[in-house]
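This report concerns only the one structure given below.
In what follows, every heavy atom counts, from backbone to side chain, and hydrogens, waters and symmetry copies are set aside.
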Amino acid sequence: MRLSQMLFVTLREDPAEAEIPSHKLMLRAGYIRRISSGVFAYLPLMLRVLNKVSAIVRDEMNGTGAQECLLPQLQPAELWQESGRWDTYTKAEGIMFALTDRRQQEVALGPTHEEVITMVARDMVRSYRQLPTHLYQIQTKFRDEIRPRFGLMRGREFIMKDGYSFHADMDSLKATYGDMYQAYSNILSRCGLKFRAVEADSGAIGGSGSHEFMVLADAGEDEVLYTEDGKYAANVEKAVSVAADAVPSEFSEYKKLETPNTSTIETMAKFLGCSPTQIVKNVLYQAVYDNGKTVLVLINIRGDQDVNDTKLQNALTNLAADYDASTLLSLEVPDPEAQAKWAAKPLPLGYIAPDISDDYIQTLDNVAPKFLRLVDETAVDLKNFATGANEKGYHVVGANWGDQFTLPEIVIDIRKANAGDRAVHDPSQTIQTARGIEIGHIFQLGTKYSTAMGATYTDEGGKSQPLVMGCYGIGVSRLAQAAVEQSYDKNGIIWPVAIAPYQAVVVVPNINDADQMAAAEKLYEELNAAGVETLLDDRKERAGVKFKDSELIGIPFRVVTGRSLKEGKVEAVKRADGESVELAVDEVVSTIKQWVDDAIG
């Protein structure tokens, strides 16, 4: 492709809308253009990148025996209501574009396709002889993000590969899950990315187990916790660890103390002269279920620890049936306005004790009359601890479970794991932290959707059984931007060769020089003929502008037909490290071709 014939516009300044380097560079380099909040046009250079990523994804997926299909983007609400996720996606998470068509039927733009594919399997899979089967697609998905940001990282429209497998049993699912783990690792490796596969929370997708594939980058929205021995890695939402040991309590007897202006753990510990590990912190949450029921949740946790909201959401979702509900719609720390709707009297905030009375809750039809009391494992073994006294300006010290306070029946791991903690599998290993961009996520769904939607098969004994399912997603457009976020410098993008829009660019410093143009034309034709995807910068621009643009757009190898052409040589430059060599003209094609082959492997 000749740049003089391409829609090619670069910017010298960072666009005001862009926050992270990759977003700035992709806008400046003319890869994408913002159409509206979270919606972008993929321009010619970008589309070539996306096509290359998609080709790698297809190759790896097809290699596992998965079959490509294409599912509808417009989905009827009835399918999501069958699975029980309609309220979750339209109300709780609120991420689905839902609308009513002219026939007054509710429909939505698909953020994911579990319901659609389950319907297809329900209609077509009859016998165990058809199993296992695995379908995947690459298409545009939609999420109604409240605050789209970071370009293609968190957009409202994006390209994604999602796949779904169907099995007769869990052993078959686990085999395919292992294949997908390897395939996703292969995809990211072939795209030239540094990544880490981590244990993850399954979220609204559900299932018994899942892994995320994180591209490591400082701008990543996710925190990854891992150990140096390589035996443990997890998203912070899922991570578990062994907390630091609690400092033995110095309080030898139970008593109530006046503690003015000590509504935080920090001020309380300072006033009492104790370690936060000697304190039981009591945190109040307000949970609302899909049947409208509000439940007040009191968490007891060690004072130096924080509640992991994702773990808490999962625990409360598992308890939904206790409140005649099916899913959790919202979870928050109630502000004064929220408290006013159910509090029978002012709460002693900052001074709440584990035994705060249920009579703080008004008798209302839509509010559970009792606190749901949960205790984190870190608080269970504390002795002679300090905690609130249910009276503003007062705390108690020297308290014990079984004496002054009743230990809640529900004991769970609800704390946030932190860097510096000890590893569960080997306490000698210290938990490390890194930032990551989630690119892929694989799930063992089990029978969640097939049971809800009646998708069954007939087993060898003639008995009807629910299909066992797996789900596997990878963000194609997100991967492309993550590659930029992982590899750039002050001059612009540094594309991995495998997914670069072009592998080489031939730059003509002076298009009015007949010799330079003739040599460039010849090299351009020969490189492309040799299979090296090559651009020709034949624009009527200054040489400096062309050099800057070639670095900005990140083409891996640059060939310059400059002054050394008089000696029969040209300059060849590697974008990744800036290495520059002079080559005889007749050596250029073989050398660049070798560089490309070596890089792709």
Side-chain angles (χ1 to χ4, degrees), residues 56-69 71 83 112-118 120-121 125 128 130-138 160-191 193 195-215 222 224 226 230-235 237-240 314 425 436 438-453 455-457 459 465-476 478-479:
I56 292 172
V57 170
R58 281 192 174 94
D59 187 50
E60 290 294 335
M61 293 301 296
N62 294 344
T64 68
Q67 305 167 71
E68 186 170 7
C69 63
L71 303 172
S83 72
T112 185
H113 278 71
E114 283 80 13
E115 283 77 6
V116 170
I117 200 70
T118 303
V120 171
V125 176
Y128 70 93
Q130 295 170 271
L131 301 174
T133 190
H134 185 175
L135 301 173
Y136 78 95
Q137 62 171 345
I138 298 175
M160 179 178 172
K161 184 243 85 175
D162 53 324
Y164 308 90
S165 62
F166 298 90
H167 309 267
D169 53 44
M170 284 300 297
D171 287 342
S172 176
L173 167 60
K174 288 178 180 178
T176 296
Y177 189 87
D179 290 343
M180 287 301 98
Y181 188 101
Q182 186 60 56
Y184 276 38
S185 299
N186 294 346
I187 288 166
L188 293 173
S189 295
R190 288 178 61 182
C191 287
L193 301 178
F195 69 95
R196 189 181 291 273
V198 304
E199 293 179 18
D201 180 70
S202 296
I205 301 294
S208 60
S210 70
H211 282 83
E212 288 174 338
F213 290 79
M214 296 282 193
V215 168
D222 291 285
V224 176
Y226 65 96
K231 295 182 179 179
Y232 183 74
N235 188 308
E237 295 178 344
K238 176 78 171 180
V240 295
N314 292 338
H425 75 279
E438 181 192 346
I439 296 301
H441 203 157
I442 60 177
F443 303 83
Q444 296 179 37
L445 295 179
T447 60
K448 172 181 177 178
Y449 295 92
S450 55
T451 298
M453 298 180 67
T456 62
Y457 73 97
D459 65 17
Q465 302 283 3
L467 289 163
V468 179
M469 294 176 58
C471 170
Y472 322 97
I474 193 164
V476 172
R478 190 175 174 87
L479 186 155

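Between H211 and E199, the closest side-chain pair of non-hydrogen atoms falls below 4.5 Å. Side-chain contact between E114 and C471: present, with at least one pair of heavy atoms (C-beta onward) separated by less than 4.5 Å. Side-chain contact between I442 and Y177: present, with at least one pair of heavy atoms (C-beta onward) separated by less than 4.5 Å. Looking at heavy atoms from C-beta onward, F195 lies in side-chain contact with S185 at the 4.5 angstrom threshold. Between C191 and I56 there is a side-chain heavy-atom pair separated by less than 4.5 Å. Side-chain contact between H167 and S165 is present, with heavy atoms from C-beta onward closer than 4.5 Å. The shortest side-chain heavy-atom distance between L131 and L467 falls under the 4.5 Å cut-off. Taking 4.5 Å as the limit, every side-chain heavy atom of K448 sits out of range of all side-chain heavy atoms of M469.
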- request: Give the C-alpha distance, both sets of side-chain angles, the deciding distance and a yes or no for side chain to side chain contact (heavy atoms under 4.5 Å, CB included) between V215 and L479.
  value: CA-CA 8 Å; V215 168; L479 186 155; 5.7 Å; no
field: side-chain hydrogen bond (donor to acceptor under 3.5 Å, both in side chains) evaluation trace for Y164 with D162
entry: CA-CA 7 Å; Y164 308 90; D162 53 324; 2.6 Å; yes
task: Under the side-chain hydrogen bond (donor to acceptor under 3.5 Å, both in side chains) rule, what do D169 and Y128 come out as? Steps first, then yes or no, please.
output: CA-CA 10 Å; D169 53 44; Y128 70 93; over 6 Å; no
Full working for side chain to side chain contact (heavy atoms under 4.5 Å, CB included) between T133 and Q67: CA-CA 8 Å; T133 190; Q67 305 167 71; 3.5 Å; yes
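Proximity of a side-chain donor or acceptor of Q137 to a complementary backbone N or O of L71 within less than 3.5 Å is detected. Looking only at distances, no side-chain donor or acceptor of K161 sits under 3.5 Å from a matching main-chain atom of G440. Under the 3.5 Å distance criterion, the side-chain polar atoms of S172 are left unmatched by any main-chain donor or acceptor of A168. The backbone N or O of Y472 sits less than 3.5 Å from a side-chain atom of Y184, completing a donor-acceptor pair. A donor-acceptor pair under 3.5 Å is formed between the side chain of Y232 and the backbone N or O of V240.
The CE atom of M160 lies 11.0 Å from the CD1 atom of I439; values are rounded to the nearest 0.5 Å. Rounding to the nearest 0.5 Å gives a distance of 10.5 Å between OG1 of T176 and CD of Q444. For the atom pair CD of Q182 and CD1 of I187, the computed distance is 10.5 Å after rounding to the nearest 0.5 Å. One distance of note links CG of L188 with CD1 of I474; it measures 5.0 Å at 0.5 Å rounding. How far CG of D179 is from NE2 of H134: 9.5 Å, rounded to the nearest 0.5 Å.
The heavy-atom pair separating V57 from I138 by the smallest distance is CG1-CD1, 4.3 Å. When every heavy atom of G446 is checked against every heavy atom of L173, the shortest pair comes out as N-CD2, 4.1 Å. Taking both residues in full, the closest heavy atoms of R196 and A233 are given as CD-CB, 3.8 Å, listed atom of the first, atom of the second, then distance. In plain terms, the two heavy atoms of I117 and F166 that are nearest each other are O-CZ, 3.7 Å. The heavy-atom pair separating A66 from N62 by the smallest distance is O-OD1, 3.6 Å. The minimum heavy-atom distance linking H441 with S210 is given by the pair NE2-OG, 3.1 Å.
In this structure, the salt bridge (Lys or Arg N to Asp or Glu O under 4.0 Å) partners of R58, at least two apart in sequence or on a different chain, are E68. Taking the side chain to side chain donor-acceptor pair (under 3.5 Å) definition, one finds that T64 meets it with nothing, sequence neighbours left out. Residues satisfying the salt bridge (Lys or Arg N to Asp or Glu O under 4.0 Å) test with E60, not counting sequence neighbours, are R190.
For F213 and Y181, the distance between ring centers is under 6.0 angstrom.
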